[in-house]
*Asks:* 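Let me begin by handing over the structure; questions about it come next.
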There are 2 protein chains.
Amino acid sequence: MVRNLEYPKKAQNTVKRYNSRGTYDLGAIHSIINTTSVLHVSFPPAPDNPFPAILPMIGVMGSFEYPSASLDEPLDCYLHGYVSSRVMRLARDSPNGLPVSVAATKVDGLVLSLTPNSHSYNYRSAVLQGYGRVVDSDEEKIYAMQLITNKVVANRWENTRVPPDNVEMTSTTILRVKIETGSGKIRQGGPHDEAKDEKRDEITEKVWTGVIPVSEVFGEPIPSATNRVKQLPAYIDSYVTETNQSSRELSLNAVNEP
Amino acid sequence: MVRNLEYPKKAQNTVKRYNSRGTYDLGAIHSIINTTSVLHVSFPPAPDNPFPAILPMIGVMGSFEYPSASLDEPLDCYLHGYVSSRVMRLARDSPNGLPVSVAATKVDGLVLSLTPNSHSYNYRSAVLQGYGRVVDSDEEKIYAMQLITNKVVANRWENTRVPPDNVEMTSTTILRVKIETGSGKIRQGGPHDEAKDEKRDEITEKVWTGVIPVSEVFGEPIPSATNRVKQLPAYIDSYVTETNQSSRELSLNAVNEP
């Protein structure tokens, strides 16, 4: 019998509202992180400031120690991009790592019901919490840079000018978040109305109910002014086609009750 | 001469990295919030927990006091949806409001350059910081519920069963965030490579560079099993068409240098 790995339920990550939608399954949570183009990363406020910091960053799940680990195994979250020097300085100054929360949400559909209060989204969302440390070893940095680049476009890394030179290695900072807890929430299906509305003809004959599927779609790639590769490479072409197809399928599958 | 209103620059909201991309313009920032389907809302960690809380929520800019205020005027941020009771309880328990940070990010394109380190996204992102209070008056609550519903689908509110009944009014909680600071970042244009790579033929002849436009797209609306309105109403049909067109245009316009 195979048992999926789950994140431990602690006070701060236990899904309370609509808890039937909650998941602690590593594979499900990691997959939401890996298919979301921008993560939102939050860390505690500075001493003189009441507001938590929040930044959009690019991130991906991976394991430098066990590179062959699959998505449903314990993994770290590697973060890069739009990184204020502040988060990196704070991480360097925290002997136990900087406590960060990482959130990813994908909307799969607008769920339109008879009354505004039961409107909803179909969505997949995940939150990870853990301690962020700056990656120091060049080997691990290159491992993470490659994962992140290939998350944006599959096989991109090996089709660019690599490896990074010394200046690029020094100017790039990667944060490795060791995960303490995680949780996810997935909503699928059509609208759920209450009997009090469903049995009133003057409402049901007037209000359209259903789902508008939502997906993130890639347009036709546009070469830069200086591009000299005349034909769009096959790895980009198929990545665009396959990602679009899988995004559309996910949004359509979400319309059906799980 | 018309001068656009800007958020004050304070330590916590001043854009440091690539600061030419930064904006403090109210209209630009509010428009990013209003066109993003899910906002990520962060609030300070509980005393026994090092990690800031982060939640996906639906939100919209508005002013109950000056409902005719336009998007470039001072506005509050109304939040609803996927609201843990914790954030609402904390807000009720904070005499000065709960300090929250609200983030919105839209990706408009994948920017592919010669070397992984200069890869980027075209994007629009905004962060607001302010104090959240639970809305108590029924009048303001209905104002906010209407704004939020019509943000999801324009004109939806008036085409559903409204007004909410007593049970619905009691079970719905809306958070009004009074904004203290805000900032935005917008990246547009093609890839920027360095001369050291651009002048090497063996690189430029091998690596495709350009932009893959990205946009959030609505699919064909799918009626629910219990829907009795045979024809898709015109307000939904035109909302889907117009939103798709404007998302595609935004992602294509972002390819050009500003």
Side-chain angles (χ1 to χ4, degrees), chain A residues 12 16-17 37-38 40 42 44-45 49-52 54 56 84 99 101 103 105 107 110 114-117 125 127 129 145 149 152-153 157 160-161 164 168 172 190-191 197 203-205 207-219 221-224 227-229 233 236 240 251 255, chain B residues 12 16-17 37-38 40 42 44-45 49-52 54 56 84 99 101 103 105 107 110 114-117 125 127 129 145 149 152-153 157 160-161 164 168 172 190-191 197 203-205 207-219 221-224 227-229 233 236 240 251 255:
Chain A
Q12 74 265 26
K16 292 187 193 79
R17 194 174 145 90
S37 49
V38 168
H40 284 91
S42 178
N49 175 6
F51 303 107
I54 189 165
S84 76
S101 298
T105 307
V107 176
L110 315 179
L114 293 173
T115 181
N117 293 64
S125 77
V127 172
Q129 299 187 313
M145 285 158 71
T149 306
V152 176
V153 174
W157 177 268
T160 55
R161 194 275 287 149
E168 290 162 355
T172 305
D197 294 309
I203 295 173
T204 57
E205 284 168 6
V207 183
W208 186 92
T209 61
V211 176
I212 305 179
V214 179
S215 56
E216 202 174 58
V217 166
F218 295 139
I222 298 167
S224 73
N227 172 60
R228 291 177 61 192
V229 179
I236 299 182
V240 166
S251 70
V255 176
Chain B
Q12 75 265 28
K16 292 186 193 80
R17 194 173 144 90
S37 48
V38 168
H40 284 92
S42 178
N49 175 4
F51 302 107
I54 189 163
S84 77
S101 298
T105 307
V107 176
L110 315 179
L114 293 173
T115 181
N117 294 64
S125 76
V127 173
Q129 298 185 315
M145 284 159 72
T149 306
V152 177
V153 174
W157 177 268
T160 56
R161 195 272 289 149
E168 289 162 355
T172 306
D197 293 309
I203 295 173
T204 58
E205 283 167 7
V207 183
W208 186 92
T209 63
V211 177
I212 304 178
V214 178
S215 56
E216 201 175 58
V217 166
F218 295 139
I222 297 167
S224 73
N227 172 60
R228 292 178 60 192
V229 179
I236 299 181
V240 167
S251 70
V255 177

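Residue numbering restarts at 1 for every chain, and letters A, B, ... go by the order of the sequence lines.
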*Asks:* Looking only at heavy atoms, which two atoms of A:His40 and B:Ile54 are closest? And how far apart?
*Replies:* O-CD1, 3.7 Å
*Asks:* Minimum heavy-atom separation for A:Arg161 to B:Ile203, with atom names?
*Replies:* CG-CD1, 3.2 Å
*Asks:* Between the side chain of A:Ser224 and the main-chain N/O of B:Pro191, is any donor-acceptor distance below 3.5 Å?
*Replies:* no
*Asks:* Any heavy-atom pair between the side chains of B:Val229 and A:Glu205 that's under 4.5 Å?
*Replies:* no
*Asks:* Tell me every residue that passes side chain to side chain contact (heavy atoms under 4.5 Å, CB included) with B:Thr172, counting only those two or more places apart in sequence or in another chain.
*Replies:* A:Asn117, B:His80, B:Met145, B:Ile174
*Asks:* If you tally heavy-atom pairs under 4.5 Å against chain A, which of B:Gly190, B:Pro164, B:Pro116, B:Ala103 wins?
*Replies:* B:Pro116
*Asks:* In terms of heavy-atom pairs under 4.5 Å with chain B, which of A:Thr149, A:Val255, A:Val211 leads?
*Replies:* A:Val211
*Asks:* Which answer fits A:Val152, side chain, backbone, both or neither, if we ask what part of it has an atom under 4.5 Å from a heavy atom of chain B?
*Replies:* both
*Asks:* Which answer fits B:Ser125, side chain, backbone, both or neither, if we ask what part of it has an atom under 4.5 Å from a heavy atom of chain A?
*Replies:* side chain
*Asks:* Only counting residues at least two apart or in another chain, list the ones meeting side chain to side chain contact (heavy atoms under 4.5 Å, CB included) with B:Pro99.
*Replies:* A:Pro50, A:Phe51, B:Pro44, B:Tyr131
*Asks:* Short question: side chain of A:Asn227, backbone of B:Gly210 - any donor-acceptor pair under 3.5 Å?
*Replies:* no
*Asks:* Relative to chain B, which segment of A:Ser251 carries a heavy atom at a distance below 4.5 Å: side chain, backbone, both, or neither?
*Replies:* neither
*Asks:* Are side-chain heavy atoms of B:Phe218 and A:Pro213 found at a separation under 4.5 Å?
*Replies:* no
*Asks:* Under 4.5 Å, counting heavy-atom pairs only, tell me which of A:Thr204, A:Val127, A:Val153 racks up the most with chain B.
*Replies:* A:Thr204
*Asks:* Can you tell me which portion of A:Val107 sits under 4.5 Å from chain B's heavy atoms? Options are side chain, backbone, both or neither.
*Replies:* side chain
*Asks:* Go through the atoms of B:Ile222 and report whether side chain, backbone, both or neither lie under 4.5 Å from a heavy atom of chain A.
*Replies:* both
*Asks:* Is the shortest heavy-atom distance from the side chain of A:Leu114 to the side chain of B:Thr160 under 4.5 Å?
*Replies:* no
*Asks:* Can a donor-acceptor pair be found, under 3.5 Å and without considering hydrogens, that links the side chain of B:Ser101 to the backbone of A:Pro52?
*Replies:* yes
*Asks:* I'd like to verify something: which residue of B:Ile212, B:Val217, B:Ile236, B:Val214 has the highest number of heavy-atom pairs under 4.5 Å with chain A?
*Replies:* B:Val217
